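Worksheet for the structure shown next.
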Amino acid sequence: MDAATQAGWSHRHRDVSGGWLRPTVFGAVDGLVTNASLIAGVGGGGVSAHTVVLTGLAGLVAGAFSMGTGEYVSVTNQNELVHAEVAVERRMHERFPEAEQAELEQTFRGYGADEETAARMAAAVSADPEQALRVHTREELGVDSQDLPSPVLAGAASLAAFSVGAVLPLLPYLLGHASLVAAMVITALALVGGGTAVGRLTGRPLAFSGLRQLALGAVAVAVTYGIGRLVGGTVA
């Protein structure tokens, strides 16, 4: 057992590749802020509770599928671009292996290896063409072509998270308590809670993360509510 393990430290890292965390957080916050703002806008216009529920549900379904589809297409396109660039790199390795090995030597020297060590390392890596290609890809593209995020996972995470976030402001109306104030209180608590959760994941100060999320969401809700009041009063 090494010293780190004895001291209670773990060298395991969390997923930072964006496979699920980014679309989940983005989807949940987007669903919450979007639907809270939508409900505040139509509620500020003086419409009936039934119209608020109908608008909120329509916003939830439309937004969730839009987010899920957009995330799936975005990640798919990004992966396709990576694969296309890897194909270019593969052709370079097939046609100019010596030049690619020399490039790898230069990379290792940049990490602090002396010329002899860098040459041995480059030769060892280049002996396995697939490993050499993977190393070159990581160095030149900044990604591991064999460990790309899943479009299905990203799309599903975004769709589900948006739905959960979007339903929260609707809860008072769905439970028979048609109160815009209650909806906004739930939204505020969810924004603070979501921001705090993200702060815990990222190591940022919890209070700062929660209040930052609340402030940004409050601006969107306030502006939309003001427009609803303005337009609703004009129509009336």
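In this text, all values refer to a predicted model and were calculated from it rather than measured experimentally. In this chain, numbering begins with 1 at the start of the sequence shown.
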Inset, instruction - Start with the C-alpha distance between Glu85 and Glu89, add both sets of side-chain angles, then the distance that settles side chain to side chain contact (heavy atoms under 4.5 Å, CB included), and finish with yes or no. - result: CA-CA 6 Å; Glu85 292 301 312; Glu89 188 68 24; over 6 Å; no

Inset, instruction - Could you go through the side chain to side chain contact (heavy atoms under 4.5 Å, CB included) check for Ile39 and Thr55 one step at a time? - result: CA-CA 7 Å; Ile39 291 170; Thr55 302; over 6 Å; no

Inset, instruction - List the steps and the verdict of side chain to side chain contact (heavy atoms under 4.5 Å, CB included) for Leu191 and Val33. - result: CA-CA 8 Å; Leu191 284 170; Val33 174; 3.9 Å; yes

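Glu80 CD to Gln78 CD: the interatomic distance, rounded to the nearest 0.5 Å, is 10.5 Å. Rounded to the nearest 0.5 Å, atoms CD (Gln213) and OG1 (Thr196) are 9.0 Å apart. Atom-to-atom distance recorded for Ser37:OG and Met184:CE is 7.5 Å, nearest 0.5 angstrom.
Under the rule for a side-chain contact (heavy atoms from CB on, under 4.5 Å), the partners of Val47 that lie at least two apart in sequence or sit in another chain are Val42, Thr51, Val52. For the side-chain contact (heavy atoms from CB on, under 4.5 Å) test, residues two or more places apart in sequence or in another chain that qualify with Thr69 are Val73. Partners of Val61 according to the side-chain contact (heavy atoms from CB on, under 4.5 Å) rule, which considers only residues two or more places apart in sequence or in another chain, are Phe65.
Residues Leu32 and Ala190 approach most closely at CD2-CB, 3.6 Å, considering heavy atoms. A pairwise comparison of heavy atoms in Ala36 and Val221 identifies CB-CG2, 4.1 Å as the closest pair. The shortest heavy-atom contact between Val75 and Ala154 is CG2-CB, 3.8 Å. Nearest heavy-atom pair across Ala113 and Met121 is CB-SD, 4.3 Å. Among all heavy-atom pairs drawn from Gly195 and Ser209, the shortest one is O-CB, 3.0 Å.
Neither Ile186 nor Val53 shares a network with the other; the hydrophobic side chains, linked directly or stepwise wherever heavy atoms of I, L, V, M, F, W or Y lie under 4.5 Å apart, form separate groups for each. Under a hydrophobic-cluster definition in which Ile, Leu, Val, Met, Phe, Trp and Tyr are linked whenever side-chain heavy atoms come within less than 4.5 Å, directly or via other members, Leu148 and Val86 are assigned to the same cluster. Linking Ile, Leu, Val, Met, Phe, Trp and Tyr whenever their side-chain heavy atoms come within less than 4.5 Å puts Val219 and Ile227 in one cluster.
No side-chain heavy atom of Asn35 sits less than 4.5 Å from a side-chain heavy atom of Thr187. Taking 4.5 Å as the limit, some side-chain heavy atom of Met67 sits within range of a side-chain heavy atom of Asp30. Using a 4.5 Å cut-off on side-chain heavy atoms (C-beta onward), Thr137 and Asp144 make no contact. Considering only heavy atoms from C-beta on, Arg90 comes within 4.5 Å of Glu130 through its side chain.
Residue pairs meeting the ring-ring contact (aromatic ring centres under 6.0 Å, His included) criterion with at least one member in residues 109-147, sequence neighbours excluded, are His93-His136. Residue pairs meeting the salt bridge (charged side-chain N to carboxylate O under 4.0 Å, His left out) criterion with at least one partner in residues 92-113, sequence neighbours excluded, are Glu105-Arg109.
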Pairs under 3.5 angstrom only: tabulate donor-acceptor contacts from the side chains of residues 155-182 to other protein residues two or more places apart or in another chain.
from, atom 1, to, atom 2, distance (Å)
Ser163, OG, Leu159, O, 2.9
Tyr173, OH, Leu180, N, 3.3
Ser179, OG, Val181, N, 3.4
Ser179, OG, Ala182, N, 3.1

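Looking at Asn79 and Thr76, their side chains never bring a donor and an acceptor atom within 3.5 Å of each other.
Within 6.0 Å of atom CD in Gln106, 12 or fewer heavy atoms from other residues, nucleotides or ligands are found, so the atom counts as exposed in its surroundings. Residue-environment remark: OH (Tyr72) stays at or below the threshold of 12 foreign heavy atoms within 6.0 Å.
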